[in-house]
Visitor: 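Can you read through this structure? Questions will come right after.
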There are 2 protein chains.
Amino acid sequence: MAAEARRGPYICGLDAAMDVVSGKWKSLILWELHHHGVRRFGELRRGLPGVSEKMLIQHLREMAEDGLVHREVYREVPPRVEYSLTEHGTSLNEALRALGAWGTARRQRLAAETPLNQVAG
Amino acid sequence: MAAEARRGPYICGLDAAMDVVSGKWKSLILWELHHHGVRRFGELRRGLPGVSEKMLIQHLREMAEDGLVHREVYREVPPRVEYSLTEHGTSLNEALRALGAWGTARRQRLAAETPLNQVAG
DNA sequence: CAGAATCCGCAACGATACTG
DNA sequence: CAGTATCGTTGCGGATTCTG
């Protein structure tokens, strides 16, 4: 138990929410699980280009502890573990929709301001 | 130009929005400016217990570059600088309302699960 | 009062190797 | 396949000092 999220004390609601989504890939994990419903570890890994196993499992564990994702383990050979959103995870995703829309608008604004260079990132 | 936010390239809208609010005090700054309309540097400092001048000015600069806050400098003695939300900053705050509400619900859930200990933080 | 400049600790993040 | 363990790096955030 070393790399856990803060989990309070929080100053306000926004603070408590940000704590749960802070982490480079967490919002993307939420997004992935929201769209695919159920995903295995390897599927998530492939769906998040650039993520390391360490960060993925670490974020997944924290999100499970925070009650955002459900972790279902099938003791088979080869092993299989499936991740899905819980009720709280789903509601969090809903709460993030407005923010995602704002960000999309921002991206378009940014793209419009950039003629034709720098886009190549 | 060393401690700036990422500003892309972004994977999705949520990513672009999170980039702008990531930073320990940014959401609180947004909150402060939203409630008080216009605030001076010192007022913000006092309104955010625990923040250092460095982080405050750094966040403020980034948010100004991101078009979230407006920085008005009055060349007087003693100097005075006033910060306020721009249109984009205001709309971002609106977009964060659902998230704040979710966090508030989470705090209440957390508090309900904790009998009487650990609360003292 | 409002910042600038500097040093530094620590947590987050990342890459690799190994295991059940 | 789905992790665990370890090590190395990066950069955020904090404390302090100095300036216009």
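These numbers come from the heavy atoms of this one structure, side chains and all, not from hydrogens, waters or symmetry mates. Just so we're on the same page: letters track the sequence lines, and every chain starts at 1.
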Visitor: Output the rounded distance in Å from CD (E62(B)) to C1' (dG11(D)).
Guide: 12 Å

Visitor: So, OP1 or OP2 of dT4(D): does either fall under 4.0 Å of a side-chain N or O from R61(A)?
Guide: yes

Visitor: Taking atom C1' of dA5(C) as reference, at what distance in whole Å does atom CE of M55(B) sit?
Guide: 15 Å

Visitor: Under 3.5 Å, is there a donor on one side chain and an acceptor on the other for R107(A) and Y10(B)?
Guide: no

Visitor: Base, sugar-phosphate, or nothing: which does R75(A) touch, judged by heavy atoms less than 4.0 Å apart?
Guide: nothing

Visitor: Counting only side-chain nitrogens and oxygens, does H59(A) get under 4.0 Å of the OP1 or OP2 atom of dA12(C)?
Guide: no

Visitor: Counting heavy atoms from C-beta on, name the nucleotide in dA15(C), dG3(D), dC1(C) closest to the side chain of V81(A).
Guide: dG3(D)

Visitor: Between W31(B) and L99(A), is there a shared hydrophobic cluster once you connect ILVMFWY residues whose side-chain heavy atoms come closer than 4.5 Å?
Guide: no

Visitor: On DNA chain C, check which nucleotide each of V73(B) and G23(A) is closest to and give me the residue with the more 5' one.
Guide: V73(B)

Visitor: To the side chain of S52(A), which of dA15(C), dA2(D), dG3(C) is closest?
Guide: dA15(C)

Visitor: Measure CD/E53(A) against C1'/dC18(C) and give the value in whole Å, please.
Guide: 12 Å

Visitor: Could you tell me if E72(B) and H70(B) have a donor-acceptor pair between their side chains, going purely by distance under 3.5 Å?
Guide: yes

Visitor: Over how many whole Å does the gap from R80(A) atom CZ to dA2(D) atom P extend?
Guide: 9 Å

Visitor: Identify the heavy atoms of V20(B) and K26(B) that sit nearest to each other, and give their distance.
Guide: O-CD, 3.3 Å

Visitor: Ignoring backbone atoms, test whether R71(A) places a side-chain nitrogen or oxygen under 4.0 Å from the OP1 or OP2 oxygen of dG3(D).
Guide: yes

Visitor: So S91(A) and W102(B), do their side chains get closer than 4.5 Å, heavy atoms only?
Guide: yes

Visitor: Between I57(B) (CD1) and dC12(D) (C1'), how many Å, whole number?
Guide: 17 Å

Visitor: Tell me: CG of L56(B) to P of dC1(C), nearest whole Å?
Guide: 14 Å

Visitor: Could you tell me the separation between the CZ atom of R45(A) and the P atom of dC1(D), rounded to a whole number of Å?
Guide: 10 Å

Visitor: Return no unless some side-chain N or O of K24(B) is found under 4.0 Å from OP1 or OP2 of dG14(D).
Guide: yes

Visitor: Under the 3.5 Å rule, do the base of dG3(C) and the side chain of K54(B) count as making a donor-acceptor pair?
Guide: no

Visitor: Name the nucleic acid region contacted by R40(B), choosing base, sugar-phosphate or nothing; use a 4.0 angstrom heavy-atom cut-off, strictly under.
Guide: sugar-phosphate

Visitor: dC1(D) P sits how many Å from R39(A) CZ, rounded?
Guide: 14 Å

Visitor: Looking at every strand, decide which applies to Y83(B) at a 4.0 Å heavy-atom threshold: base, sugar-phosphate, or nothing.
Guide: sugar-phosphate

